[in-house]
Amino acid sequence: MMKDLTCIIIGGGHAGLAALKAIKEETQHMANGQRIRFVLLEKQPGHVRKILLFRPAVGEEKIMIPWTHYGFSEGVEFVQGTVTSVDSWEKQIRYEDAQGNNARIRYDLLVVAVGSVIRQPDPDQGGISLTDLQTAAVIRERWRANLRQAVGEKNPKERKRLMTVAVAGAGISGIETSSELALEMQKEASSLGLNPSDISVYLVSGQERLFMEGPEKVGRKLDQILSECGVTVLYNRKVMREEAGVVKLNNGDRLSVGLCIWTIGLIPNPALRTMGLPLTPDGQVLVDESYRVQGAQGVYSIGDCARIVDPKTGKAALMRCAEVALQEDRLGKIVVADLEGRPAPVHKSAPIDLFCIGLGENRGLVWGHKWGLDMIITGKPAWKFRNLAWDAGSKLR
């Protein structure tokens, strides 16, 4: 009797869920007459919707989804733990389980989808980095406590400080965080009897404009919508540090703030450095045009943690959720082709450049670029589109 094949997915984020669903659906649990056993190994007890991390920092939204919510999780074994190394020679991974015990598990197929983590400033730079569910909760408690304190504050300067927030880093995550935060703080201020127009949210950008990925007009449009939300963008500035309620900028300016939040981009998950897989100097897994990890048979990698290059254009995939949608579908087909010894599909870049940005309820911006044409959608339709994209990334649709 032929033994079962074990397919392990490391990481239950957007790319891990996508890989699991795609391979499961493409193989129907079987390959060459062998049953496939699926194992999802993740350190969190459920799927965290990382692209919505600003939500629990702003309001009460729960962004962790239990594995059992997903139909395709039926028959999948969930192991809560952290991978410490991959032995591609022996085809086994070592991991530390939720109780801190060391364990190992053999694989026939392995997908490394541990994604990226949020870049953190040096600890002595102050402020709070929006990196996980815990820091999101701390941020929410902090600004709410500041507003409650502002109610009884007699000194107008101090009251203004308590009602001011700086967001350092103006990528999409900084834009989404600052807009939703400004709107929510205004709402809360009103309910506490404070003047909502005294709320100040500064978005500090190191560039001369927003959204360097697209044309200047999109940056201008974003600035206009942010300004309507109550966000002031400071350009060509960098936050050096926050200390005792004062944010120091690189041009010598100072802002009095009740809170400084860092949203300074993504880096490949540092956990990759201990796994023993071939990495780029930046720390991404080296894969070929069919997502196979170099020199490790049966091992694949997709998402933010993999360096994926379009063989036709030489263009590398960006660290963003939209890229995963294209990779997942192809990965399922690649794995089946490899199991059956057929030529596998190869990576292709998206046929259209598409970015969507949420800017608070019923506000958003979608920018698409194809055949030299720009398409810009704003307002409620863009907001709806953004929600569809968020849900698709977490396999909720």
Side-chain angles (χ1 to χ4, degrees), residues 9-11 13-23 25-26 50-51 109-117 119 171-173 211-215 218 265-269 272 275 277-357 366-375 385 389 392-393 395:
I9 315 267
I10 306 175
H14 298 97
L17 274 188
L20 174 64
K21 183 173 190 277
I23 298 171
E25 286 173 1
E26 203 65 44
K50 200 176 76 183
I51 37 176
L109 298 168
L110 177 65
V111 180
V112 179
V114 293
S116 53
V117 301
R119 191 190 297 276
I172 290 177
S173 148
F211 196 63
M212 300 299 279
E213 297 89 340
V218 178
L266 302 170
I267 55 169
N269 194 327
L272 292 162
M275 286 186 198
L277 298 169
L279 305 180
T280 65
D282 289 345
Q284 281 181 308
V285 182
L286 285 163
V287 296
D288 69 8
E289 69 278 5
S290 298
Y291 313 148
R292 305 179 192 102
V293 176
Q294 289 183 9
Q297 204 204 336
V299 184
Y300 303 84
S301 187
I302 63 166
D304 286 359
C305 69
R307 165 83 176 165
I308 296 171
V309 178
D310 183 330
K312 271 213 175 86
T313 62
K315 204 171 127 182
L318 300 171
M319 283 195 191
R320 45 190 292 257
C321 236
E323 301 272 1
V324 174
L326 298 163
Q327 296 164 16
E328 62 178 276
D329 195 39
R330 204 171 283 120
L331 177 68
K333 294 178 170 59
I334 288 168
V335 168
V336 171
D338 284 354
L339 286 169
E340 295 176 357
R342 294 184 283 109
V346 299
H347 176 73
K348 273 199 210 69
S349 297
I352 177 170
D353 276 336
L354 189 68
F355 286 81
C356 37
I357 301 171
V366 175
W367 171 70
H369 183 79
K370 191 170 168 73
W371 301 310
L373 299 172
D374 284 321
M375 168 195 76
F385 194 95
K395 297 287 160 267

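For D288, the side-chain contact (heavy atoms from CB on, under 4.5 Å) partners two or more places apart in sequence, or in a different chain, are S290, R292. Residues passing the side-chain contact (heavy atoms from CB on, under 4.5 Å) test with P278, sequence neighbours excluded: L286, V293, Q294. Take A15 and apply the side-chain contact (heavy atoms from CB on, under 4.5 Å) test, not counting sequence neighbours, and it matches A113, I302, V324. Residues passing the salt bridge (Lys or Arg N to Asp or Glu O under 4.0 Å) test with K333, sequence neighbours excluded: E26, D329. Partners of N269 under the side-chain hydrogen bond (donor to acceptor under 3.5 Å, both in side chains) rule, at least two apart in sequence or in another chain, do not exist in this structure. The salt bridge (Lys or Arg N to Asp or Glu O under 4.0 Å) test applied to E25 returns K21, not counting sequence neighbours. The salt bridge (Lys or Arg N to Asp or Glu O under 4.0 Å) search around D374 returns K217, not counting sequence neighbours. Under the side-chain hydrogen bond (donor to acceptor under 3.5 Å, both in side chains) criterion, E328 pairs with K395, sequence neighbours left out. Applying the side-chain contact (heavy atoms from CB on, under 4.5 Å) criterion to K315, with sequence neighbours excluded, gives T313, S349, D353.
Pairs passing the ring-ring contact (aromatic ring centres under 6.0 Å, His included) check and including a residue from residues 291-340, sequence neighbours excluded, read Y291-H347.
Of the possible donor and acceptor atoms, one in the side chain of K50 sits under 3.5 Å from a partner among the backbone N and O of S116.
Residue F355 places its CZ atom among more than 12 non-hydrogen atoms of other residues, nucleotides or ligands, all under 6.0 Å distant.
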